[in-house]
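What follows is a single structure, written as structure tokens, with notes after it.
In the text below, chain A, chain B and the rest are named by the order of the sequence lines, each starting its count at 1.
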Amino acid sequence: DVKVTQSSRYLVKRTGEKVFLECVQDMDHENMFWYRQDPGLGLRLIYFSYDVKMKEKGDIPEGYSVSREKKERFSLILESASTNQTSMYLCASRTSGRLPNEQFFGPGTRLTVL
Amino acid sequence: QKEVEQNSGPLSVPEGAIASLNCTYSDRGSQSFFWYRQYSGKSPELIMFIYSNGDKEDGRFTAQLNKASQYVSLLIRDSQPSDSATYLCAVNAMYSGGGADGLTFGKGTHLIIQP
């Protein structure tokens, strides 16, 4: 059974804190993604990675960074958390090229920044 | 900018009726199309995918694709209250000049099945 796991379901942090969100997939997928989801705005891509140590900016990378040291793990880092980063964060993974190449999502992390 | 458009709803359908959800996309080069269901507070889960023009049926769900019109739809027959959710349309997209591929998502249609 395919699985994408995220380190926390709920997280509360203070403004200015450095925040780490971890994502692990067990499907040997090449591509991994970080999204945030806000009411009325849909899923917005923050960063993605198509290989170990490779990373690319998505649509809204400002205020975030990522790390992919191993194929199965993709971390999202909020360098200095701000209240406008309060959101649902979703990690996803996907194989490359081979159909049906759907994206599998983790359960999400609801982050609140106070 | 590749775009995927959906009516945000809410779309209200009586129990037992057919729910029809629609999606248009801007990139003519898109080849694979997905429908995800998302319950409130949960992550999206795949319910259908389609690659070829025409209809694809899976139980109570039918996906329809018309590449000439750049249009994808999802029909839910015999709608149940448990079908009440947000439905996301997604289309494959190439990132990074071909270095990676992923999905572009619509903002979703909120479906309410009335008992």
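Under a cut-off of 6.0 angstrom, the local environment of NZ in B:Lys67 is crowded, with over 12 non-hydrogen atoms contributed by other residues, nucleotides or ligands. Residue A:Lys55 qualifies as open at atom NZ: its count of foreign heavy atoms under 6.0 Å is 12 or below. Within a 6.0 Å sphere centred on CD of A:Glu17, other residues, nucleotides and ligands contribute more than 12 heavy atoms.
Listed by sequence position, B:Phe105, B:Lys107 are the residues of residues 105-115 of chain B in contact with chain A, using a 4.5 angstrom heavy-atom cutoff.
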B:Leu103 and A:Arg94: CA distance, side-chain angles, deciding distance, side-chain contact (heavy atoms from CB on, under 4.5 Å) verdict: CA-CA 9 Å; B:Leu103 297 181; A:Arg94 188 174 193 235; 3.4 Å; yes
Run the side-chain contact (heavy atoms from CB on, under 4.5 Å) test on A:Phe104 and B:Glu45 for me, step by step, so that the C-alpha distance in whole Å, both residues' side-chain angles and the decisive distance to 0.1 Å come before the verdict. CA-CA 7 Å; A:Phe104 294 88; B:Glu45 57 176 334; over 6 Å; no
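Rounding to the nearest 0.5 Å gives a distance of 7.5 Å between CE of A:Met88 and OG of B:Ser43. Once rounded to the nearest 0.5 Å, the distance linking CG of A:Asp59 with OG1 of B:Thr104 reads 8.0 Å. Note: A:Leu43 CG to B:Gln38 CD = 6.5 Å, rounded to the nearest 0.5 Å.
A:Phe74 and A:Val4 are not part of a single hydrophobic cluster, where members link through side-chain heavy atoms under 4.5 Å apart. Residues B:Tyr51 and B:Tyr36 fall within the same hydrophobic cluster, defined by Ile, Leu, Val, Met, Phe, Trp and Tyr side chains chained together at heavy-atom separations under 4.5 Å. At a threshold of 4.5 Å between side-chain heavy atoms, the hydrophobic network of Ile, Leu, Val, Met, Phe, Trp and Tyr places B:Ile50 and B:Trp35 in one connected group. A:Tyr64 and A:Leu21 fall within a single hydrophobic cluster, where Ile, Leu, Val, Met, Phe, Trp and Tyr side chains are chained together by heavy-atom contacts under 4.5 Å. Following chains of ILVMFWY side-chain contacts shorter than 4.5 Å, one cannot reach A:Leu111 starting from A:Phe105, and the two form parts of different hydrophobic clusters.
Residue A:Arg44: no heavy atom, backbone or side chain, is found under 4.5 Å from chain B.
No side-chain heavy atom of A:Gln103 sits less than 4.5 Å from a side-chain heavy atom of B:Phe34.
Among the candidates B:Thr86, B:Leu88, B:Leu46, the residue making the largest number of heavy-atom pairs closer than 4.5 Å to chain A is B:Leu46.
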